[in-house]
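Shown next, in structure tokens, is the structure this report addresses.
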Amino acid sequence: LSLVKKKNYEQLVSELETINNEDLEIISTSVNKIKDKLRYSPTTSDDSFIHYTSLNTLKFLLYKTDDKNNYPRLRLSNARQMNDPNEGYTFLNLIGIEKEEFLETDYATSPFFFASMTQTGGEQNLDDSLPMWKQYGDDAKGINLTYHSEYIKSLIEEGIEIYKVCYNPTKDSLDYEINSIESAFNNIKGNDDDRDKYFSSALNLIDDIRYLFKNADYSYENEYRII
């Protein structure tokens, strides 16, 4: 919890600094536009999401009828526990930030937790996908949970935001925003006097979205996230 509170405080400070720095303002505005474009909005009553997991995890997620204080849950995973070794770094590569420039280490516990789901429908047949079973369903020995549209809508009505994961920025019409963020970072890095002061703030501003970008190799997952 302390990690989350610290990160929220750092992001608040960074947002306040956008008042005095044009490049930070550009980054903040572009981040919000990216979130708007990737934010999920229910379109039909058939929208459902699934989650592959192991049988051992099932008992922590299901609703228990004999326990009044129990309720159905979404699984939250720490950003350091994901299968993609470039988790969180794909977006940094898009904006020209080297991994070495980022102060966070791969061994540190991340303040970011998210629930991952896959949207069903279309031609991919992801509700019974062999690659998904193998990678996320305990090597095809696990289970596949369905989160129906009404449950998803209830989460959104409670203020929970669900975002589509981006595998192809051009396809998702994000090139302009990404280029704007990259240009602003270059300006900050090129200013020797204020680089240290504003570079850290700029990184805090993009923390909201860098876990919404993954390598195109994972596009078959059609993943959505609650961060």
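Contacts of Ser173 classified as side-chain hydrogen bond (donor to acceptor under 3.5 Å, both in side chains), with partners at least two apart in sequence or in another chain: none. Not counting sequence neighbours, the partners of Asp175 by the side-chain hydrogen bond (donor to acceptor under 3.5 Å, both in side chains) test are Thr170. For Glu161, the salt bridge (charged side-chain N to carboxylate O under 4.0 Å, His left out) partners are Arg39, not counting sequence neighbours. Every residue meeting the salt bridge (charged side-chain N to carboxylate O under 4.0 Å, His left out) condition with Lys189, not counting sequence neighbours, appears here in chain and number order: Glu101. Tyr163 pairs by the ring-ring contact (aromatic ring centres under 6.0 Å, His included) definition with nothing, not counting sequence neighbours. Residues satisfying the side-chain hydrogen bond (donor to acceptor under 3.5 Å, both in side chains) test with Tyr167, not counting sequence neighbours, are none. For Lys164, the salt bridge (charged side-chain N to carboxylate O under 4.0 Å, His left out) criterion is met by Asp172, not counting sequence neighbours. Among residues two or more places apart in sequence or in another chain, the salt bridge (charged side-chain N to carboxylate O under 4.0 Å, His left out) test is passed with Asp23 by none. Remark: Ser154 engages Tyr151 in a side-chain contact (heavy atoms from CB on, under 4.5 Å) (not counting sequence neighbours). Asp139 is linked by a side-chain hydrogen bond (donor to acceptor under 3.5 Å, both in side chains) to Lys134, counting only residues two or more places apart in sequence or in another chain.
Annotation: the span from Tyr198 atom OH to Ile27 atom CD1 amounts to 12.0 Å, rounded to 0.5 Å. Once rounded to the nearest 0.5 Å, the distance linking CD1 of Ile226 with CD1 of Ile162 reads 4.5 Å. Remark: Leu212 CG to Thr90 OG1 distance equals 11.5 Å, nearest 0.5 Å. Between atom CG of residue Asn168 and atom CG of residue Leu174 there is a gap of 9.5 Å, rounded to the nearest 0.5 Å. One finds the NZ atom of Lys214 at 12.0 Å from the SG atom of Cys166 (value rounded to the nearest 0.5 Å). Separating the OH atom in Tyr52 from the CD atom in Glu221 is a distance of 11.0 Å, to the nearest 0.5 Å.
Side chain of Asn222 to main chain of Gln119: a donor-acceptor pair is present (N/O by atom type, distance under 3.5 Å, no hydrogens or angles). In this structure, Ser183 contributes its side chain and Ser180 its backbone to no donor-acceptor pair below 3.5 Å. Without hydrogens or angle criteria, Arg210 side chain to Gly88 main chain gives a donor-acceptor distance under 3.5 Å.
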key: Step-by-step side-chain hydrogen bond (donor to acceptor under 3.5 Å, both in side chains) determination, Glu223 to Ser116   = CA-CA 7 Å; Glu223 185 178 359; Ser116 297; 2.7 Å; yes
request  = Starting from the C-alpha separation in whole Å, work towards a yes-or-no answer on side chain to side chain contact (heavy atoms under 4.5 Å, CB included) for Tyr224 and Val165.
outcome  = CA-CA 5 Å; Tyr224 284 72; Val165 171; 6.0 Å; no
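Counting heavy atoms from C-beta outward, Ile34 and Val31 have side chains that stay 4.5 Å or more apart. Between Asn179 and Tyr176 there is no side-chain heavy-atom pair separated by less than 4.5 Å. Within the 4.5 Å cutoff, no side-chain heavy atoms of Ile50 are placed close to those of Tyr147. Between Ile206 and Phe91 there is a side-chain heavy-atom pair separated by less than 4.5 Å. With a 4.5 Å cut-off on side-chain heavy atoms, Thr146 and Phe49 do not count as touching. Side-chain contact between Asn144 and His51: absent, with no pair of heavy atoms (C-beta onward) separated by less than 4.5 Å.
Hydrophobic clustering, with ILVMFWY side chains joined whenever heavy atoms are under 4.5 angstrom apart, keeps Ile26 apart from Leu205.
Between Phe199 and Ile188, the closest heavy-atom pair is N-CG2, 3.7 Å. For Ile95 against Glu182, the heavy-atom pair with the smallest separation is O-CG, 3.3 Å. Across every non-hydrogen atom of Pro169 and Ile178, the tightest pair is CB-CD1, 3.5 Å. Heavy-atom minimum distance, Ile152 versus Tyr40: CG2-CE2, 3.8 Å.
The one candidate from Lys37, Lys33, Lys35 that meets the side-chain hydrogen bond (donor to acceptor under 3.5 Å, both in side chains) condition with Glu177 is Lys37.
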